[in-house]
Amino acid sequence: MATRMPARWAWATTTTAAGLNQGIPATMAMTSAPSRVLLTSRHALLPRTARRGVKYGWATAPPRGKPTRFNQVSSGLPAPTTGPAAALARKAQSTPLRSGVLAIKKGVSALYNSKGQRTPCTLLQMEQVEVVASKTRATHGYWAVQLGSGHKTAGNETAPMLGYYEAKGIAPKRHLAEFRVRDEAGLLPVGVRLAPDWFKVGQFVDARSNSRGMGFAGGMKRHGFSGQEASHGNSKNHRTIGTTGPSQGGGSRVHPGKKMPGRMGGERVTVQNLRVLKVDNEVGLVVVKGHVAGPKGCVVQIADAVKKPPPAETFIEKARRLLLERNPGHEDRLQEARKLHLELKEMRKGGTIAQAVAGAL
């Protein structure tokens, strides 16, 4: 085994004149900043390779890349992407092309065909569903349509929200919700009112609502446990869940997420792929096949199904054209509302709003 060469590290500051007098090469003598050098037994100065290692990007592999490593561009896999644009691109396939609507669950009924076959259905009624705002990617980071439903008296609304509705020329709404859309083509103008024929009979929709709250429930009702034996020494523990800690592989303790008794219901539930059976603009009804979670009177968000093909482009264009024809002059109303909002805002700052209201009455 070869002996190690005695060496030690030292800090040296060389200048042009001093280096030339001591016989140091001119290439090293030109440096005036302190550098770390290697002093050997022959007193030869060898420069140290600074920041050499895998940590700083140095490797022994050839520059052609590392095709055997996972997630490398040279191995055929796409490079990982991050950022808002990449997130929107990943969610493009699961984002509907257009906005949904807000409805109130009125109950459950059934429809019969000519052969007498019974089809259970849910009645969903739309009540003054209007577009309140549009969210853009340049301002908010995503595209979405904000809808309002129902009616709310001004005395039950907060002052900031009253100003929010005042600037748009819309009466206060009981419910507000956002529906994300895939791109800018899915946005709707502010102030237009949606009707049940926004959906096509026969298409599939997703219904999202809050399930009926059932209070505190045991393990059998909440999670479907089978319970314990009825005899053979079991006394007054027929519907209990039994022990929760031992024999779980991680010691005699209760693991996080253990199914136990607790509050049941009152959760957001999405029922997917419900077929639209009927739409009625006169009473504002959307009839869907099957059942929707929640009690009577709950708010239901209806949107085009994510896991089914969207409606035909011709129908989407027709529905949008009918929507704009039924709401003429929405842009002029919005501009007038914004102008009036600024005037009232200045009156509130100056303290003359009471006099203006008294004069108008």
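Side-chain atoms are counted along with the backbone in the values below, which use heavy atoms only and exclude waters and symmetry mates. Numbering of residues begins at 1 and proceeds along the displayed sequence. Just so it is clear, the model here is predicted, and its values are computed rather than measured.
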Heavy-atom side-chain contact between Thr119 and Leu277 under 4.5 Å: yes
His330 and Glu130: CA distance, side-chain angles, deciding distance, side-chain contact (heavy atoms from CB on, under 4.5 Å) verdict: CA-CA 12 Å; His330 57 274; Glu130 297 183 57; over 6 Å; no
Check ion pair Asp197-Lys318 (N to O, under 4.0 angstrom): no
Contact check, side chains of Leu285 and Leu124, non-hydrogen atoms, under 4.5 Å: no
Contact check, side chains of Gln203 and Phe315, non-hydrogen atoms, under 4.5 Å: yes
Leu342 side chain near Leu344 side chain, heavy-atom distance below 4.5 Å: no
Any pair counted as salt bridge (charged side-chain N to carboxylate O under 4.0 Å, His left out), so long as it reaches residues 336-352, sequence neighbours left out: Glu166-Arg348
Sub-4.5 Å side-chain heavy-atom contact between Glu331 and Val190: no
For Val271, all residues meeting side chain to side chain contact (heavy atoms under 4.5 Å, CB included), sequence neighbours excluded: Val269, Leu274
Non-hydrogen side-chain atoms of Tyr165 and Val132 separated by less than 4.5 Å: yes
Charged tip of Arg98 within 45° of Trp198 ring normal and under 6.0 Å: yes
Any side-chain donor near an acceptor of the partner, Gln272 and Lys307, under 3.5 Å: yes
Side-chain H-bond candidate by donor/acceptor type, Glu178 with Tyr142, under 3.5 Å: yes
For Ala217, side chain to side chain contact (heavy atoms under 4.5 Å, CB included) partners two or more places apart: Lys221, Arg222, Met264
